[in-house]
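Okay, so here's the structure we're looking at.
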Amino acid sequence: MLTATLLQAQLPPSADDVLKEAYKQATAEKKNVFVIFHASWCGWCRKMDTSINDKTVKKFFDDNYVIRHLVVYESKGKEKLENPGATDLLIKYKGNDQGIPYWLIFDKEGKLLADSKMRPEGAGPEQGDNSGCPASEPEVQHFVNVLKKTSTLDDAQLKIIYARFRENDTH
């Protein structure tokens, strides 16, 4: 019994547990939930985190979102880092063939508001290309449009976010 308890303590929380906690916090803080699927080996995932946590924009994200990471697609030998159920969630929201980072934004009740796919107007959830860590002009514009719809960020703040994420195109 003790061995099972110790093993359980070393496993990452399930995707469901991560989301339940995030929705609870989002309800209390009147925010939306920003979920980023990533892996330890993923350079663009690290770039996404660096961008969101940049001192020029961090407060904008912190004031509007409860941000959570779900680990998927770890390299051989590191699978134990993956959140149980995270890959199933990625499949459910049509991100399993999109590469990572892949992100989703939910309201505090768990309703999907947006994802990282750039798609033509009126296209279904299975269509579109992942903007991942936004860097190119179309990717960053998509990201800013999503943020505008899912936050209280104003145009001046969105302009700063746009500029910060465009820096990813040159680094």
Side-chain angles (χ1 to χ4, degrees), residues 12-54 57-74 81-136 138-153 157-158 161-162 164-165 168:
S14 72
D16 284 345
D17 287 346
V18 170
L19 291 177
K20 281 179 195 166
E21 178 275 327
Y23 296 143
K24 184 178 177 181
Q25 182 180 341
T27 298
E29 297 177 5
K30 297 177 176 50
K31 298 178 182 180
N32 286 324
V33 176
F34 194 120
V35 177
I36 304 168
F37 293 89
H38 74 132
S40 65
W41 53 263
C42 174
W44 279 100
C45 299
R46 285 191 295 279
K47 204 174 272 208
M48 181 82 172
D49 287 341
T50 298
S51 300
I52 287 174
N53 289 300
D54 187 289
V57 299
K58 180 174 176 32
K59 182 171 174 27
F60 303 151
F61 286 97
D62 289 347
D63 288 349
N64 285 275
Y65 301 99
V66 172
I67 299 172
R68 293 294 179 268
H69 294 80
L70 292 174
V71 180
V72 293
Y73 304 147
E74 272 301 336
L81 299 174
E82 294 180 12
N83 296 92
T87 302
D88 294 335
L89 193 66
L90 191 60
I91 292 167
K92 177 181 178 180
Y93 290 104
K94 313 290 187 212
N96 53 304
D97 62 351
Q98 295 293 309
I100 53 175
Y102 187 78
W103 46 266
L104 304 168
I105 299 177
F106 297 97
D107 70 12
K108 61 187 181 297
E109 279 89 39
K111 178 183 174 227
L112 181 67
L113 300 174
D115 63 29
S116 57
K117 283 188 185 176
M118 300 181 299
R119 56 177 66 81
E121 193 67 36
E126 60 286 332
Q127 296 175 295
D129 296 316
N130 184 18
S131 61
C133 173
S136 70
E139 291 168 346
V140 177
Q141 192 58 59
H142 167 72
F143 187 56
V144 166
N145 289 342
V146 166
L147 296 177
K148 186 173 189 142
K149 291 176 191 168
T150 63
S151 72
T152 60
L153 293 165
Q157 293 166 324
L158 291 166
I161 291 170
Y162 179 92
R164 173 56 188 91
F165 276 82
N168 292 331

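What you see is a predicted model; the values in this text were computed from it and never measured. Every heavy atom of this structure was used, including side-chain atoms; hydrogens, water molecules and symmetry mates were not.
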- Query: Can any side-chain N or O of Glu82 pair as donor or acceptor with the backbone N or O of Glu74 at less than 3.5 Å?
  - Reply: yes
- Message: Using the side-chain hydrogen bond (donor to acceptor under 3.5 Å, both in side chains) criterion, which residues pair with Lys148? Sequence neighbours excluded.
- Response: Asp155
- Message: If only side-chain N and O atoms count, and only distance matters, is there a donor-acceptor pair under 3.5 Å linking Asn64 with Thr152?
- Response: yes
- CG of Asn32 to NZ of Lys149: how many Å apart, nearest 0.5 Å? 13.5 Å
- Side-chain contact, heavy-atom cut-off 4.5 Å: Asp49 with His69? yes
- Item | Nearest atoms (heavy-atom pairs only) where Thr150 meets Ala114 | CG2-CB, 4.3 Å
- Between His38 and Ile100, what is the shortest heavy-atom contact and its length? C-CD1, 3.9 Å
- Message: When you compare the side chain of Tyr73 with that of Leu90, does any pair of heavy atoms fall below 4.5 Å?
- Response: yes
- Name the orientation class of the two ring planes belonging to Phe61 and Phe143 (parallel below 30°, tilted from 30 to 60°, perpendicular beyond 60°). parallel
- Kindly give the heavy-atom pair with the smallest separation between Val57 and Ile52, and that separation in Å. CG2-O, 3.9 Å
- Of the non-hydrogen atoms in Val71 and Leu81, which two are nearest, and what is the gap between them? CB-O, 3.4 Å
- Message: List the residues meeting salt bridge (charged side-chain N to carboxylate O under 4.0 Å, His left out) with Glu21, not counting sequence neighbours, and say none if there are none.
- Response: Arg68
- Task: Quick one: closest heavy-atom pair of Tyr23 and Val33, and the distance?
- Result: CD2-CG2, 3.7 Å
- Message: Using 0.5 Å steps for rounding, measure from the CZ atom of Arg164 to the NZ atom of Lys58.
- Response: 13.5 Å
- Residues Ala86 and Leu70: closest non-hydrogen pair is CB-CB, 3.9 Å
- Query: Tell me the side chain to side chain donor-acceptor pair (under 3.5 Å) pairs involving residues 94-117, sequence neighbours left out?
  - Reply: Asp115-Arg119, Ser116-Asn130
- Query: Is a donor on one side and an acceptor on the other found under 3.5 Å between the side chain of Asn83 and the backbone of Ala15?
  - Reply: no
- With side chains defined as the heavy atoms from C-beta onward, is the minimum distance between Phe34 and Val146 less than 4.5 Å? no
- Could you tell me the separation between the CZ atom of Arg46 and the OG atom of Ser40, rounded to the nearest 0.5 Å? 7.5 Å
- Message: Main chain of Pro134, side chain of Ser131: is a donor-acceptor contact present, judged purely on distance under 3.5 Å?
- Response: no
- 4.5 Å side-chain heavy-atom contact, Phe165 and Met48: yes
- Task: May I have the step-by-step check of ring-ring contact (aromatic ring centres under 6.0 Å, His included) for Phe37 and Tyr93, ending in yes or no?
- Result: CA-CA 11 Å; Phe37 293 89; Tyr93 290 104; 8.4 Å; no
